[in-house]
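Everything on this sheet refers to the single structure shown next.
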There are 2 protein chains.
Amino acid sequence: MRALRRQGRISRSEISNITGWSKAKASQEIRSLIEKGYLVEIGEGVSQGGRKPRLLRINNQLGYIAGIDIGATSLDVALADVTGSILQRCSEPTDVKLPPQSVFGRCSELLLDLIRTQGGTPDQLLGIGVGVPGPVDFARGVLVAPPLMPEWENFPIRDFFKKTFHSAFVVVDNDVNIMALGEQRAGDGAGIDHFIFVKIGTGIGAGIISNGRIHRGSDGSAGDIGHICVDKEGPLCACGNKGCLEAMAAGPAIASKALEAARNGSSATLREMRESNGGTLRPEDVNAACREGDQAALDIIRDSGQMIGDVLASLVNFFNPSHIFVGGGITNFGNHLLVAIRRAVLHRSLPLATTHLSIKFSRVGSNVGVMGAISLALDYLFAIEDNLHLMV
Amino acid sequence: MRALRRQGRISRSEISNITGWSKAKASQEIRSLIEKGYLVEIGEGVSQGGRKPRLLRINNQLGYIAGIDIGATSLDVALADVTGSILQRCSEPTDVKLPPQSVFGRCSELLLDLIRTQGGTPDQLLGIGVGVPGPVDFARGVLVAPPLMPEWENFPIRDFFKKTFHSAFVVVDNDVNIMALGEQRAGDGAGIDHFIFVKIGTGIGAGIISNGRIHRGSDGSAGDIGHICVDKEGPLCACGNKGCLEAMAAGPAIASKALEAARNGSSATLREMRESNGGTLRPEDVNAACREGDQAALDIIRDSGQMIGDVLASLVNFFNPSHIFVGGGITNFGNHLLVAIRRAVLHRSLPLATTHLSIKFSRVGSNVGVMGAISLALDYLFAIEDNLHLMV
DNA sequence: GAACTTCGTTCAGATTGTAAACGAAGTTCT
DNA sequence: AGAACTTCGTTTACAATCTGAACGAAGTTC
């Protein structure tokens, strides 16, 4: 019922049209919601040839919603109101090798800071959405067999946050699922029933939207495409198999290929960079070299793109999405990567599955994670509010 | 509302519990449905310590539902009542190279025969579910760019059947989707949220169930895994690409590999078979040779299984299903194929995605297609009945 | 066979939703 | 400027709907 209200964020008695209710009931219901403080009036709208409508909106003073996105190397925390507008956000580097207590503890601190800066108190926090880099048992809100951080397995994320924020519920999901959700709610994914959000960074993962809903799979590990095998004789991956996509095309692989190119002399640019960096190279350096027109760097990026595209081609045949959004740390690598991915997908997939397929970078940028986390929390919030209303 | 009734096929005033209605309303509603002829009483049940309940059931005299499953080489037609029980079925070989008029015309004839044999008339047919071997625009009920039978594109299947069966609605879907639905409703797929039904026959295709619903993809071509590339230098496929799974591991590929083995002398058994068959070999022959312990035949089957398993391994990582059901013409090939598939999948997928994964043959057998078609038609029937009820 | 269950219906009363009428506020055309 | 017409939102009387409690029917258990 008020889920509808969330959609039309500003509108008046069109509600009676949208819901199919009579004007009488709509009016009465709205009055009750205003009395309860859920809705507020917000000025008047433009006339449609008669009396001006009195617009309303969800009361954004109801409380706060937090979105937390924990990546392999960075950590984002944002505070939003119940309409999903971000009030403030912050970001800092982290390391998943650290014990969960310290990482989540830091999240709590940052969140408390944000709330204080906004002039609120911790008990005004209604809900927290958390994205973590690994398979999540969604119902329990717990990581299951995370390859990157075995220590985190079964860490009670929900209870941990509840200790500090008593009044808030906690929803935990995989970080890529949450990015896909963010793209759906705050990006170009709006209204698209079937799409894939591909995150390329330290690892490679995919968030899947099927029939408009997140597909998590039976163990919460759906979308784990980083460990699809692309070369049976390829390098050893952290997961124990050989030639995983992640081990061959993600950020670290790009960096190590660049190091090799710097060593064997196939790229003077990369060699210079390595020296000025103190013997190491980061994925960003390869991108920079690429911009300068370095052929070896370009080849490295293209190779990555082709491998990723080859895998995506299979998935396109299988899943037939209408859109693929590419995001993550590698996103600012310009178009070379994307072009290579596109070419590989178009070359290898069935024409029917690709004629309407669009492959592009996510435009939501670095906010996509926290936006998704907030959306997830809001979904949960409005679901229980609906239930409460049904019970009362 | 009566969708619930369809679930509990025999039950009485538990309906008031299931629906949450008061006993009064449930009773009244049931009376109305009985008067309209939708429900019938069917004896008494066992006492629970008090008065015996009077069991009811959906009236199976309401009309007929037809399920039609058109494969690449065979055609199945079945007649069922509105509870989904098959009354009678028939099957005959066909060829998708024939024009659609003649294939669908033959379906109509068979269906008329079945109805007559059951002592009914064509206007008692309420709905028809049709499965066709190719991508389907589900909303329009029309084939889109089918690789095997370009002539069938845009053929108005719905209108064609409506000409003969005026009172029936027609729902068209891809044949593998329909098999997946059949597995869900009449097989081991009951209650499973995420699974893949893999059909291996003349072609290779997959039906996908995500969050308990068929995932059709944005163009209706989801599940078309037959044209995933497994070998960039492989043989040319009918689709124009090289090294498609279908071209390397499906029935025809198995047969042609067997012919080669018969020619080059690596298998005496296959050579004998070829001679007694008049120079050709069918996939079934390879199976027979396999049973006799022929090593070359066994290798052929194992190779196919491995290639299929390699592809499935990627899809398991991506989709994380809890079950994979294997069906289609190759199903009766015994366990060699399945063992090879299983080994490849377990070897290549992430442990988390495979620990709870079950890969087995579909037990529904040859009925799975028509059962799915019937289920699809029933879903549609009960959906519109629900709507009608809401409107009245 | 008395006491207690479960099943299903009947009926009065409360709850809920609706349509129509009406007042308020605004626009357009003369 | 004002008459006529719109749209917006509320009030009110009325109709449909649902529920709870009471009750008869049918059975089980001790």
Side-chain angles (χ1 to χ4, degrees), chain A residues 1-60 83 382 384-392, chain B residues 1-59 382 384-392:
Chain A
M1 152 187 144
R2 50 209 318 276
L4 276 162
R5 209 127 320 146
R6 194 163 53 99
Q7 291 193 348
R9 257 189 7 174
I10 31 170
S11 78
R12 180 61 174 187
S13 66
E14 323 169 28
I15 289 172
S16 93
N17 290 324
I18 297 171
T19 58
W21 288 337
S22 65
K23 288 192 293 178
K25 177 165 166 60
S27 255
Q28 176 186 323
E29 204 67 43
I30 286 164
R31 202 174 324 135
S32 139
L33 289 171
I34 288 178
E35 272 167 24
K36 288 184 195 157
Y38 291 142
L39 297 182
V40 286
E41 283 201 348
I42 177 83
E44 301 188 322
V46 277
S47 164
Q48 303 278 67
R51 177 174 167 178
K52 283 182 189 166
R54 285 148 71 192
L55 301 175
L56 1 116
R57 198 193 55 194
I58 293 180
N59 185 359
N60 54 12
T83 69
F382 284 101
I384 58 173
E385 295 266 331
D386 275 3
N387 293 343
L388 280 178
H389 192 272
L390 290 174
M391 285 190 230
V392 169
Chain B
M1 154 188 141
R2 50 208 320 275
L4 277 163
R5 208 127 320 146
R6 194 162 53 97
Q7 291 191 349
R9 256 189 10 174
I10 33 174
S11 78
R12 180 63 173 188
S13 66
E14 321 167 33
I15 287 171
S16 93
N17 289 325
I18 297 172
T19 57
W21 288 338
S22 65
K23 288 192 294 179
K25 177 166 165 61
S27 254
Q28 177 185 323
E29 204 66 44
I30 286 164
R31 201 175 325 134
S32 138
L33 289 172
I34 288 177
E35 273 167 22
K36 288 184 195 158
Y38 291 143
L39 297 181
V40 286
E41 284 201 346
I42 177 85
E44 302 188 323
V46 276
S47 165
Q48 304 277 65
R51 177 174 167 179
K52 284 182 189 166
R54 284 148 71 192
L55 302 175
L56 356 120
R57 199 193 54 194
I58 292 180
N59 184 0
F382 284 102
I384 57 173
E385 297 265 330
D386 275 3
N387 292 344
L388 281 177
H389 192 272
L390 289 174
M391 285 190 229
V392 169

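All chains are named by letter (A, B, ...) in the order of the sequence lines, taking the proteins before the strands, and each is independently numbered beginning at 1.
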Scanning both residues in full, the closest heavy-atom pair of K23(B) with S16(B) reads CG-OG, 3.8 Å

Taking the nucleotide of DNA chain D with the nearest heavy atom to each, does G20(B) or A24(A) sit closer to the 5' end? A24(A)

Considering non-hydrogen atoms only, spot the tightest contact between S47(B) and G49(B) and give its length. OG-N, 3.0 Å

Which residues share a side chain to side chain donor-acceptor pair (under 3.5 Å) with K25(A), sequence neighbours left out: E29(A)

Is there a side chain to side chain contact (heavy atoms under 4.5 Å, CB included) between F382(A) and I58(A)? Walk through the geometry before answering. CA-CA 11 Å; F382(A) 284 101; I58(A) 293 180; 3.7 Å; yes

Stems of at least 3 consecutive Watson-Crick or G-U wobble pairs (donor-acceptor distances under 3.5 Å) involving DNA chain D, listed by first number, are C:1-30 with D:1-30

Over all heavy atoms of both residues, which pair between P53(A) and V46(A) is shortest? Give the atoms and the distance, please. CD-O, 3.5 Å

What's the spacing between N60(A) CG and T83(A) OG1 if we round to 0.5 Å? 6.0 Å

Taking atom P of dA24(C) as reference, at what distance in whole Å does atom CD of E44(A) sit? 15 Å

I'd like to check the side chain to side chain donor-acceptor pair (under 3.5 Å) partners of R54(A); sequence neighbours left out, ordered by chain and number. E41(A)

Could you please spell out the steps behind the side chain to side chain contact (heavy atoms under 4.5 Å, CB included) verdict for N59(A) and L39(A)? CA-CA 5 Å; N59(A) 185 359; L39(A) 297 182; 6.0 Å; no

For the pair L56(B) and V40(B), evaluate side chain to side chain contact (heavy atoms under 4.5 Å, CB included) and give the outcome as yes or no after the intermediate values. CA-CA 6 Å; L56(B) 356 120; V40(B) 286; over 6 Å; no

Give each protein N/O atom lying under 3.5 Å from an N/O atom of nucleotides 15-18 of chain D, with the pair distance.
from    : atom 1 : to     : atom 2 : distance (Å)
dC18(D) : OP1    : K25(B) : NZ     : 3.4
dC18(D) : OP2    : K25(B) : NZ     : 3.1

Could you go through nucleotides 4-8 of chain C and list every protein N or O atom that sits under 3.5 Å from one of its N or O atoms, giving the distance for each pair?
from   : atom 1 : to     : atom 2 : distance (Å)
dT5(C) : O2     : G49(B) : O      : 3.3
dT6(C) : O2     : R51(B) : N      : 2.8
dC7(C) : O2     : R51(B) : NH1    : 2.9
dG8(C) : OP1    : R12(B) : NE     : 3.3
dG8(C) : OP1    : R54(B) : N      : 2.6
dG8(C) : OP2    : S13(B) : N      : 3.3
dG8(C) : OP2    : S13(B) : OG     : 2.8
dG8(C) : N7     : K23(B) : NZ     : 3.2
dG8(C) : O6     : K23(B) : NZ     : 3.2

All side-chain contact (heavy atoms from CB on, under 4.5 Å) counterparts of N17(A), not counting sequence neighbours: none

